[in-house]
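Here's the structure, in structure tokens; my notes come after.
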Amino acid sequence: MNSKEIRKAFIDFFAGKGHQIVASAPMVVKNDPTLMFTNAGMNQFKDIFLGNQPAKYVRVADTQKCLRVSGKHNDLEEVGHDTYHHTMFEMLGNWSFGDYFKEDAINWAWELLHDVLKIPADRMYASVFEGSADDKLERDDEAFELWRKFLPAHQIINGSKKDNFWEMGDTGPCGPCSEIHVDLRDDAERAKIPGQNLVNKDNPLVIEIWNLVFIQFNRKADGKLEELPDKHVDTGMGFERLCMVLQGKKSNYDTDVFQNTIAKIAELSNKKYGDDQKADIAMRVIADHLRAISFSIADGQLPSNNKAGYVIRRILRRAVRYGYTFLDFREPFICKLVEVLKENMGDAFPELVSQQGLIENVIREEEESFLRTLETGIRLLDDLVAKAKAAGKTEISGDNAFTLYDTFGFPFDLTSLILREKGLTVDEAGFNAEMEKQKERSRNAAAQETDDWVELKKIEQVEFVGYDHLEAEVHISRYRKVTQKNKEFYHLVFDKTPFYGESGGQVGDSGYIEFDGQKTLILDTQKENNLTVHIAQKLPVNPAAAFKAVVDVKKRTLTMNNHSATHLLDQALREVLGTHVEQKGSLVNSEYLRFDFAHFQKVTKEELEKIQARVNELVRKNLALEENRAVAFDEAKKLGAIALFGEKYGDFVRVIKFGESVELCGGTHVPSTGQIGSFIITSESAISAGVRRIEAITADRAEEFVKKHMDELAEVKAVLNNTQNLKKSVEDLVAQNSRLQKQIEEFERKAASGIKDELKKKVQSINGVNVIAEVIQLDSAQAVKDLAFQLKGEIENLFLVLGSAIGGKPSISVMIAENLVAEKGLNAGAVVREAAKEMQGGGGGQAFYATAGGKDLSGLSAAVEKAKSFVK
RNA sequence: GGGGGAUUAGCUCAGUUGGCUAGAGCGUUUGACUGGCAGUCAAAAGGUCAUCGGUUCGAUUCCGAUAUUCUCCA
């Protein structure tokens with residue numbers, strides 16, 4: 001069976017058992033502060049488990065793209081070294097939300113693996129939770145008995161709390177789980193050591209493929225468990241591992257999921273997979289990371305320097321590093337692999353097909369930029385090596401290596417590799433110590449303590465009334481205290497709310513809630529999945545009261561202007577640039593709007609003018625908002641609504657129409673576009689290969705912007721006697737200025753040359769040295785310097801001291817012919833330092849030319865005399 | 001969110017006790033050599049040393065802020 005057939009077999013099986021098949025959620029998570037990426041199939045159902053949202057279907061199955069870059073068994077740095085870890089993987093899963101429980105879950109798992117997919121029974125092992133004294137839990141005998149129907153007792157293993165008790169986090173839903181392991185060793189090996197001894201022992205051929213989680217408890221902040229009213233099943237099966245088992249391979253990377261990519265890498269690098277261990281690791285790393293990066297970009301997450309974007313950048317750079325070190329790639333190559341990936345997975349994940357061009361461009365750009373970083377690092381490292389060698393050292397300090405890594409992004413393993421080649425070592429312990437310090441700093445800065453929710457009023461779902469009302473009577477449904485850096489604030493959840501929680505690029509509302517004359521400020525409103533969390537500075541005195549919730553109208557109105565303008569901008573962009581323009585991100589707040597979109601070249605000035613004019617035209621048409629809050633998703637698409645990649649949509653969506661602009665959007669909008677008033681583009685820039693950014697302002701801000709510019713112009717005109725032709729006047733002024741500048745220089749030159757002739761007459765000969773020591777009238781340090789250098793060229797054996805007042809301050813320059821410096825041991829620097837004392841100053845320079853300044857103008861001639869006295 | 005760098009000629013970068021006429025390579029322009037191209041040689045142009053403030057007799061250099069940008073951590 002090939003991988004496509006295997007995926008289908010799973011989906012068909014559970015569809016046959018009454019499961020609703022749903023689409024994979026985006027791999028990049030939005031609206032969940034605790035998670036950057038989907039790391040398990042259950043993520044998209046989190047709200048159901050938490051009780052924040054009712055289940056739409058009680059039985060669901062899917063294949064979910066997941067990304068794991070950290071965690072107990074999956075450090076990014078390990079991926080590729082073995083044959084079964086990945087960053088991005090597919091997780092096949094089936095769920096029951098308060099419907100079937102252990103019995104059906106286990107029966108069906110067995111039926112699929114054994115009866116449908118034909119995995120031999122004697123190669124399968126099941127594990128069950130052994131119980132835990134800490135939590136006062138017995139062994140999961142129920143699961144054990146269910147497995148006994150299919151497996152002999154010795155193939156059922158007791159698992160520890162670590163392996164067989166699943167928890168969503170420190171707190172929240174949890175429960176025992178039961179894993180299915182498969183033994184892939186050959187018969188001789190199996191005869192030697194029984195498979196049950198190797199389960200959960202990190203043997204690459206005795207592996208867990210499916211985990212069935214039985215969610216029956218809720219873990220509270222004090223560590224205690226409470227029984228859930230509704231019990232759920234959550235399962236996850238590693239798709240790549242399943243393919244390995246069914247295709248009779250010993251490594252995930254040997255399955256058809258990865259082999260096409262690896263073959264392409266081998267071709268590009270002119271190496272063969274299987275010839276060299278290190279090259280093999282590199283190929284696996286690249287084949288794995290390619291998937292993670294491509295899917296992230298397709299989901300709209302571009303590499304950047306913080307948060308999720310940074311994780312993607314790090315993964316990509318790791319792939320480049322391995323290609324660079326072990327496969328000798330010196331130019332972008334990962335971008336050339338996207339084509340193969342698309343052929344492999346484009347069927348199941350159409351976003352790869354439609355986003356291919358963007359993915360390739362973004363990857364190429366990132367590769368180029370990192371190769372530049374590497375070059376810089378190599379140069380810096382060469383310097384360090386040269387210095388170390390000159391000092392007779394053979395080790396580079398951990399501190400230095402860390403600076404290379406931390407400040408210049410040069411990977412530590414490359415540092416030690418290059419040093420090894422040059423016969424040097426690096427202090428790894430020192431490096432790690434510095435690394436720890438950095439982590440400590442960041443942890444302290446980000447440390448946050450969250451208390452348990454205190455529930456006051458049970459609700460099914462928060463009702464958002466903010467589309468229609470900016471005030472409402474609300475009750476606090478639950479609250480909790482959050483402590484960060486000694487600052488306390490409170491998270492409040494209301495039964496209903498007029499406050500818009502930050503999402504879809506639009507910032508959250510602020511405002512206040514009021515009871516009995518007491519106001520509590522709401523600083524911000526955030527969304528945690530489906531929960532709208534209001535951030536308050538303090539807890540109201542009487543949390544159970546009925547509050548009047550009031551949104552900051554000014555801020556909301558300005559934000560609405562910008563949000564609606566963003567839709568108009570989107571439409572104008574499509575009209576002017578073409579329909580390839582796709583939104584890649586946006587930010588909308590009360591100050592301005594920012595819109596990122598796919599476009600492969602700079603937007604020209606003419607295009608920008610057209611776009612801005614078009615938006616303003618749409619504003620003036622005063623198009624009325626047509627809002628429909630519950631349109632079936634398919635229906636909305638038929639209307640031509642613009643949906644975003646990487647965005648998770650429900651079955652029913654909100655559709656926002658302004659004339660011809662139709663978008664799926666949850667944000668708040670103006671009743672008609674005339675309210676936007678005016679729209680001004682303030683900047684256009686590139687944020688990544690193939691992605692441009694436009695920033696713009698509207699309404700009040702636009703008006704202020706125009707006023708500021710007009711005022712400035714008026715002021716400038718006033719300075720120029722209210723000239724009719726400002727541009728010409730300024731040009732004339734500039735031309736005149738440069739002409740005068742040249743004249744001044746000419747005069748100065750003449751003056752200097754007059755002074756020069758005077759000075760040449762005053763040469764004294766002292767012991768064969770031609771001495772000039774005079775105070776002259778020159779007001780420019782540069783002119784004095786020029787004069788000194790000219791005299792040096794014209795008089796041999798010169799010892800020159802020039803005193804002058806520059807900007808009202810005394811200054812002396814000493815010039816000594818090079819041969820005198822050498823023969824007589826004279827040093828201009830020493831001379832000026834000594835002489836400058838006469839005028840309360842100091843100075844320095846080189847042996848042949850030095851300058852000094854001072855505070856006391858009356859000491860100038862004394863200083864000149866003093867300098868002269870150095871002639872021997 | 002927190003740390004560390006960087007910003008000098010069109011480009012890539014040097015520039016240490018604060019005073020070096022602010023440099024190199026590449027590129028550009030001009031001239032010479034060659035039948036032409038390529039090239040070689042010679043010369044020249046090109047700099048608010050990111051911006052603003054402070055310390056100092058004096059700041060590209062030290063300090064602070066801002067902007068832009070790179071990078072690491074969370």
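Proteins come first, then strands; the chains are lettered A, B, ... in the order of their sequence lines, and each starts at number 1.
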Counting only N and O atoms by type, is there a donor-acceptor contact under 3.5 Å from the side chain of D299(A) to the main-chain atoms of M27(A)?
->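 Yes, D299(A) side chain to M27(A) backbone: donor-acceptor pair under 3.5 Å.
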Does [X] have a side-chain nitrogen or oxygen under 4.0 Å from the phosphate oxygens OP1 or OP2 of [N]?
X       : N      : answer
R313(A) : C72(B) : no
R314(A) : A74(B) : yes
K307(A) : A74(B) : no
K855(A) : C57(B) : yes
Y310(A) : U71(B) : no

For nucleotides 3-21 of chain B, 5' to 3', base contacts (B), sugar-phosphate-only contacts (S) and non-contacts (-) with protein non-hydrogen atoms under 4.0 Å give BBS-------S-----BSB
Mind calculating the distance between [atom1] ([X]) and [atom2] ([N]) to the nearest angstrom?
X       : N      : atom1 : atom2 : answer
M36(A)  : G1(B)  : CE    : P     : 15 Å
Q840(A) : G58(B) : CD    : P     : 13 Å
F489(A) : G1(B)  : CZ    : C1'   : 12 Å
F402(A) : C73(B) : CZ    : P     : 8 Å
E375(A) : G25(B) : CD    : P     : 20 Å
R318(A) : U71(B) : CZ    : C1'   : 19 Å
E695(A) : A67(B) : CD    : C1'   : 14 Å
L371(A) : U71(B) : CG    : P     : 12 Å

Over 12 foreign heavy atoms within 6.0 Å of CD, E331(A) |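 For E331(A), atom CD is not crowded (no more than 12 foreign heavy atoms under 6.0 Å).
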Pairing partner of [N] (Watson-Crick or G-U wobble, both distances under 3.5 Å):
N      : answer
G25(B) : C11(B)
C49(B) : none
U55(B) : none
A6(B)  : U68(B)
U34(B) : none

Using the C1' atom in both, what is the distance from C72(B) to C52(B), to the nearest Å?
->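 Here C72(B) and C52(B) have their C1' atoms 29 Å from each other.
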Relative to the 5' end of RNA chain B, which residue comes earlier, G841(A) or M435(A), by the nucleotide with the nearest heavy atom?
->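 Its nucleotide being nearer the 5' end, the pick is G841(A).
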Are D413(A) and R321(A) within salt-bridge range, i.e. N to O under 4.0 Å?
->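 Looking at D413(A) and R321(A), the cut-off is met.
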Should K437(A) and E434(A) count as an ion pair when the cut-off is N to O under 4.0 Å?
->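 Here K437(A) pairs with E434(A) in a salt bridge, since their nearest N and O are under 4.0 Å apart.
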Could you give me the CA-CA distance, side-chain angles and deciding distance for L381(A) and T415(A), then say whether side-chain contact (heavy atoms from CB on, under 4.5 Å) is met?
-> CA-CA 7 Å; L381(A) 186 56; T415(A) 299; 4.1 Å; yes
With R701(A) as the cation and Y592(A) as the aromatic partner, state whether NZ or CZ is under 6.0 Å from the six-membered ring centre and within 45° of the axis.
->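 R701(A) over Y592(A) ring: no.
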Kindly write out the residues that satisfy side chain to side chain donor-acceptor pair (under 3.5 Å) with N432(A), not counting sequence neighbours, or none if the list is empty.
->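 Counting only residues at least two positions away or on another chain, N432(A) forms no side chain to side chain donor-acceptor pair (under 3.5 Å).
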Provide the closest heavy-atom pair for V79(A) versus H289(A) in the form atom of the first, atom of the second, distance.
->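 Residues V79(A) and H289(A), closest heavy atoms: CG1-CE1, 4.0 Å.
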